[in-house]
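These notes are about the structure you will find just below.
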Amino acid sequence: MTFLTLFLSLLIFFTYLIFISKEQSQNRPFLDRLIGAFLLTCFQIVFSELMIGLLGLIFRWIVILVNCIIAAIIIWTSKPLKSKWKMLKSDIVTAVHNFWKVQVNYPLIGLMTFWLIILLAYHIFLAWLLPETIWDSLRYHLPAAAQIIQNHKISDIATDTIFINAYPKNFELLFLWLMLLPGNDSWANAGQIPFFVFGILTIYRLARLSKLSHQDSWIVGVLLASSPVILQQLMVSLIDVMFSMTVIMAVWAFYRFVLGGDSLDLIMAGVALGLAAGGKGNGVIWAALLGMFLLLFLLARAKEKNGRQILTSILCFSIPVILLSSYWYGKNWWRYGNPIAPYQLNIAGHTIFKGDMSSYKYLIEDKLSPEFNSLSPAQRIWIVWREPVIRHNSFGSMGGLGSVWFILMLPAVPIAFVMSCLRKNWSFLWLCAAFLLPFLIFFRYQCFTRYHIFVLALGLVALGIVFDDFIRTSRFLRVFAFFLFIFSSFHGSINKNVTPQKMRELIHLPKSERSAALIFSYGDELHGSVNLLEWWHKQNLRDTLLMYHCDQWIFTYPLWDVNLNNRIQYLPDIKSPDLWAQKINYADWIMVSTRSKEEKWTDSINKFVKVYVDDEFTVFAKKV
Amino acid sequence: MTSSRFLPKRFKAVLLGIYLLLVSYCFISYWFISESPILSPVFAKLHSFVGDIKELPIGEKWTKRYTLRISPSNGAGLINKDCVVFLPFPARAGSRQIEIELRSLLVCPGYKSQVTILLNDDPIRVQPIGYNWQRIRMPLLSQRLFLPLFLILRFDMEKISDIPEYQHECIIQVFPDKDGLKVWESGEWKQQNEWKDLGGVRITRKAGILIIDEQKYALENWPFTVALTRWNSVLLRSQLQNVSIAACKVIRII
């Protein structure tokens with residue numbers, strides 16, 4: 001079934017690649033069509049799952065069938081198919097030939113590409129090898145997907161984590177795609193890798209649109225892989241790389257439109273922003289910002305365009321954004337009275353939306369090393385960019401953009417900015433506005449590098465301009481960048497949990513045995529629940545219903561098991577023993593806090609027997 | 001290619017010079033931060049412009065000089081939870097051993113203070129610590145180029161016997177963690193921004209406020225760092241939150 005996922009994903013991708021044919025978009029280079037097809041593929045997957053999920057029909061074969069039908073309709077509308085397929089084949093052959101020629105003629109580029117392929121292969125291997133281990137993944141990204149699979153629908157559920165209900169879930173729907181079709185989570189960790197690959201291509205195209213040479217554009221594209229936080233995230237089920245790459249793609253598509261593109265570019269910008277806005281709260285700011293840029297652009301060109309063209313442009317941009325993101329925020333508004341729940345929104349001292357917590361306090365302040373508290377946001381960012389760490393992590397709490405960013409890209413940004421101002425080269429200035437405004441809007445939040453991966457796109461284009469402009473030193477700078485790239489990517493790929501010894505241990509275990517609970521060094525992430533989860537995993541259960549109510553929080557995701565066999569259900573706080581007995585009537589297993597009232601109540605029910613006790617958790621099983 | 005003909009050559013050369021200077025600064029700053037004694041004054045000056053901090057964020061009052069040619073540090077780091085010391089590559093050239101000093105700040109009857117030391121993948125070492133400074137020297141077994149080296153110190157208190165809880169008598173020092181600290185003293189609240197020795201007092205804990213001999217002192221703005229010495233009674237584990245239980249300083253890498 002894993003191959004079915006790959007096959008179906010490729011089928012949808014090629015469908016769109018044929019759909020955006022050369023005939024329909026004459027000025028669209030092959031790579032632009034590849035990126036466009038990727039965005040539309042993501043759109044189809046997310047939107048189809050959202051609709052099917054809202055209808056309560058999330059079953060493997062329904063999802064496959066619906067997507068096959070959509071693909072068939074698109075193929076049907078792409079007539080004449082034969083000539084388009086022929087053209088696509090010739091495009092692919094030409095692209096591969098050109099690519100190969102550059103690799104052979106420029107040894108440095110060849111070496112960088114070779115190293116990139118090794119990195120990719122290594123991270124795909126790790127994504128497959130490692131169990132889900134990251135706090136956010138275990139707490140809400142993957143449980144959200146697992147709950148949808150379990151309940152066959154997208155709806156709010158009883159949960160001890162409000163994030164499962166309140167966060168927008170576009171990227172979780174992509175994890176769902178990787179879990180539902182194969183029937184296990186073996187490849188859930190690899191969800192961000194396609195975004196990374198297309199992120200490289202997007203940066204290449206951004207550089208080309210900024211009139212850089214093929215060679216320099218490819219070099220700066222590959223240098224995206226020098227960022228440790230990206231590399232660290234490729235092996236785990238987080239969403240920051242997905243988010244950053246989609247906003248970079250949105251900027252690219254919008255840039256294409258500004259440079260004389262058509263409505264398809266705006267649709268792609270809308271799709272990318274819809275994915276981002278429906279995937280993470282701050283994506284809304286990106287959508288609003290680019291929407292504002294679009295309005296300004298259309299106003300500036302009002303004389304050249306008629307009202308209908310302007311309206312078409314606005315609709316092409318906004319409809320995909322609304323389709324992909326409005327449900328999540330609308331649902332929150334209706335349910336919690338706050339579209340950005342659980343966070344509150346204050347503007348100029350006034351509370352616009354009441355929430356349970358402050359996003360800054362929860363996301364940043366509570367997670368900062370205490371020594372950062374007395375520092376200004378600028379000081380924090382400066383320290384983090386200098387990376388005073390030896391081992392990186394996927395949160396980018398003490399570094400993560402890499403040495404290429406700090407040493408070569410960061411100085412290149414002001415230089416490229418000055419040169420662009422003097423030359424009146426508006427394209428780079430536009431990129432500065434597009435990437436720096438969101439960075440500055442969320443300036444306080446930027447002390448974790450995972451929240452501003454997108455600035456790499458600006459740094460890379462600036463570096464490309466420096467390469468291209470300073471001809472005398474460009475060879476030296478490229479070689480220097482190459483060595484920094486090798487170091488930074490090697491350094492960034494080292495993970496505290498992935499020692500050669502650990503890999504040897506894991507590789508001999510079947511995937512079903514590679515539970516986070518069994519990997520000792522992950523105990524920090526699993527906190528006090530590691531013994532419980534290890535015990536649970538060893539029970540090797542199938543199709544069992546576990547109900548839980550714990551005073552302390554627990555990572556529920558490992559309870560589902562690798563093959564998502566079990567059903568996990570949270571019981572909200574119940575006041576009376578009778579109601580409790582009624583609620584747990586159908587449960588096979590009950591998990592409660594040790595010494596809690598729920599433990600006492602369950603103990604008094606003859607139907608259940610205590611099978612596991614530790615300081616924190618007690619588990620009961622139904623008597624056979 | 002971007003067109004370069006619109007900019008005068010001399011102007012471009014100036015820009016290139018500025019770029020290379022910035023790159024050099026960032027390169028040295030990234031690799032050596034400012035551990036090198038030769039470069040240290042220069043960087044201290046430069047960093048004061050861009051907002052560097054005096055301490056690396058690995059523990060309050062921690063010595064920054066954790067790498068090349070470490071000299072004895074003046075201040076000791078007070079540690080609440082785990083403490084991690086990272087040893088960057090330049091520090092490790094030719095180094096064979098690391099020397100640290102540890103002491104417990106809580107010496108409670110019925111409890112044994114100990115530190116669990118993890119040095120990369122070396123065997124875990126558990127070391128009991130007492131009220132006096134104790135110097136520990138450890139070999140840097142895992143020293144390999146390009147492999148990260150770090151040291152984790154996990155401070156803990158192990159209960160060894162049951163002693164009934166009663167009113168605590170101790171000498172207490174307080175330090176405001178963040179927004180300053182108000183101390184109720186002589187009938188009024190006084191702003192406190194530095195370490196203060198409150199002398200021998202009785203403490204009890206109420207929600208959010210540590211009451212220290214209600215007749216004499218009360219402290220607002222919990223949490224704050226509290227260093228406790230010369231205990232005469234038992235402190236409950238739950239009360240240890242935000243209380244520094246140990247102090248540590250890196251002496252040198254040899």
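Within every chain, numbering begins at 1; the chains are lettered A, B, ... in the order of the sequence lines, protein sequences first and strands thereafter.
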Under the side-chain hydrogen bond (donor to acceptor under 3.5 Å, both in side chains) test, which residues partner A:Thr449, sequence neighbours left out?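 Checked A:Thr449 against side-chain hydrogen bond (donor to acceptor under 3.5 Å, both in side chains); zero matches.
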Please classify the contact between [X] and chain B as side chain, backbone, both or neither, with a heavy-atom cut-off of under 4.5 Å.
| X | result |
| --- | --- |
| A:Phe467 | neither |
| A:Leu410 | neither |
| A:Thr473 | side chain |

Note to self: The criterion is ring-ring contact (aromatic ring centres under 6.0 Å, His included); which residues satisfy it with A:Tyr122, sequence neighbours excluded?
What the structure shows: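 None.
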key: Parallel, tilted or perpendicular: rings of A:Phe480 and A:Phe476 (30°, 60°)   =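 A:Phe476 and A:Phe480: parallel rings.
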Give a yes-or-no answer on whether the side chains of A:His392 and A:Gln232 include a donor-acceptor pair shorter than 3.5 Å. no
